2 protein chains.
Amino acid sequence: MKPDQATDAKRKRAPSKRSLATRARVLDAAEQVFAHRGFDGATIRDIAAEAGEPIGTIHHHGGGKEALFHQAVARRAEALARTRLEALEQARGGQAMTLHDILDAFMRPFFTLSAEDPRWRDYARLVAFVSVDDRWRDLSAQYFDPTAAVFIAEILLQLPDVSRQQVAAGFVFSVSAMLALLTSKNRIGDLGAGDGSEEEQIAHLVRFCAAGFAG
Amino acid sequence: MKPDQATDAKRKRAPSKRSLATRARVLDAAEQVFAHRGFDGATIRDIAAEAGEPIGTIHHHGGGKEALFHQAVARRAEALARTRLEALEQARGGQAMTLHDILDAFMRPFFTLSAEDPRWRDYARLVAFVSVDDRWRDLSAQYFDPTAAVFIAEILLQLPDVSRQQVAAGFVFSVSAMLALLTSKNRIGDLGAGDGSEEEQIAHLVRFCAAGFAG
DNA sequence: GTCTATATGTAGATAGAC
DNA sequence: GTCTATCTACATATAGAC
């Protein structure tokens, strides 16, 4: 019996290269449209047009609008979590890890990835939509809470005198601030005139949150 | 010529008491439904059902879905801004106003109002939806940016060594954190177990942001 | 001002040809 | 796997009776 061609009824045979490419295009398009219009504002037709694929194809690969949304959220969640945990490991390497280092390990990857590939910026908008709508609470719980728990535990080690609730609250404040910076550059610009370099802004964000925790 | 009964063609005669009450019910219902489902997820039918009014009435008072959304955002914006500015004035009264006082004047009113009338909690969710979606950028600019500008100027006086951009960024971080606390109590609870009293949480939020600015 | 009925468009989903 | 054509449902909006 050949591997990869399971007789197991539940398992489909490996998708063709072409199919995988189409699937990636569909998810890219879904990500972009969902990120800019939210779940309800997006339409399967918009996504199909963005992907350059017929509507039927979207349903075939996506399995319905809601499943497609889930997949769009899920696709980059794992890579993001991994990058964050790697950054945390690296910070652990240097002796005497500080609160600042922990927050930097959590926040910087999203910006770094966004700088490398603008689709990560869309993904940030998508995450912001997920965060603001209780309807997707389960999604964040599944994809983001585990990583959050690791970082919260790490911060607690640094701040033995602060209660778990306070650290959790501070963490939520920090995540909100991070998403605000990732998604609403415009708003900051409107309120404060010219922005500095992105690197300065990230450094400022991390300092702001670290000081908040310490205070 | 009686006042309040202008012959001016652009001006309609004063609405009846009944009409005003209906209008208030319509806006209450719109606020609640928009706050929980967002603009696209809400339907006029949902709003009509929530208001206990027929669909036609919603259109009559609301003037279409988008205009209704605008009105829902606008209705409490003025009262919120006024309460915030009053709190700022009061803080000015006490000699030696601190950064902490300024942030408290900005943030606390939303919580105080929410405690008095739960519809303010819905309004906070509505504001969160507005903040996250670029499509409503003009709405926030119109209703929230002027107050923000006053508070940013006040903070700048306290922090003469910090650039305007940095203060503006810190302000956006703070607003995001505030909205997170107002709207996603669940999420904080999920990550950190039992919450303290609301007063403690507000105090923590203000301390967090004040420390962030100072740091 | 209030309510009913309906016009018009467009959404998500699917069946079946290729 | 891919694409076309179409079904069904429900959205917003309005015209007009009361």
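It should be emphasised that the depicted structure is a prediction, and the values quoted were computed from it without experimental measurement. Just so it is clear, the values below take in all heavy atoms, side chains as well, and ignore hydrogens, waters and symmetry mates. Lettering of chains follows the sequences in order, A, B, ..., and the numbering in each one begins at 1.
Axis angle across the helix from C:dG1-D:dC18 to C:dC18-D:dG1, with five pairs used at each end and values rounded to 10°: 0°.
Under the 3.5 Å distance criterion, the side-chain polar atoms of A:Arg125 are left unmatched by any main-chain donor or acceptor of A:His36.
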Derivation and outcome, ring-ring contact (aromatic ring centres under 6.0 Å, His included), residues A:Trp136 and A:Phe39: CA-CA 10 Å; A:Trp136 311 115; A:Phe39 179 78; 5.1 Å; yes
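D:dT14 atom C1' lies 13 Å from atom CD1 of B:Ile44, rounded to whole Å. Taking atom CD1 of B:Ile58 as the reference point, atom P of D:dT14 lies 15 Å away to the nearest angstrom. Atom CG of B:Asp40 is separated from atom P of C:dA11 by 11 Å (rounded to the nearest Å). The distance from atom CD of A:Glu66 to atom C1' of C:dA11 is 15 Å, rounded to the nearest whole Å. C:dG12 atom C1' lies 5 Å from atom NE2 of A:His59, rounded to whole Å. Distance, A:Leu68 CG to C:dA11 C1': 15 Å, rounded to whole Å. Rounded to whole angstrom, the span from the CG atom of A:Asp46 across to the P atom of C:dA11 amounts to 7 Å.
The ring-ring contact (aromatic ring centres under 6.0 Å, His included) pairs that include a residue from residues 40-62 of chain B number zero, where partners must be two or more places apart or lie in different chains. For residues 62-71 of chain A, the pairs satisfying side-chain hydrogen bond (donor to acceptor under 3.5 Å, both in side chains) are A:Arg23-A:Gln71, with sequence neighbours left out.
No more than 12 heavy atoms of other residues, nucleotides or ligands lie within 6.0 Å of CD in B:Gln90, so this atom counts as exposed by the packing criterion.
Heavy atoms of B:Ala21 sit nowhere under 4.0 angstrom from any nucleic acid atom.
Between A:Phe213 and B:Phe208, the angle of the ring planes goes over 60°, which puts this pair in the perpendicular group of the 30/60° scheme. Ring geometry, A:Phe110 versus A:Tyr123: the interplanar angle falls from 30° to 60°, so the pair is classed tilted.
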Please tabulate, one pair per line, each protein N/O and nucleotide N/O from nucleotides 2-6 of chain C that are separated by under 3.5 Å, including the distance.
from: C:dT2; atom 1: OP1; to: B:Thr22; atom 2: OG1; distance (Å): 2.9
from: C:dT2; atom 1: OP2; to: B:His61; atom 2: NE2; distance (Å): 3.4
from: C:dC3; atom 1: OP2; to: B:Glu53; atom 2: OE1; distance (Å): 3.0

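Checked against salt bridge (charged side-chain N to carboxylate O under 4.0 Å, His left out), A:Asp122 has no partners two or more places apart in sequence or in another chain. Taking B:Phe144 as the reference, nothing meets the ring-ring contact (aromatic ring centres under 6.0 Å, His included) condition, with sequence neighbours excluded.
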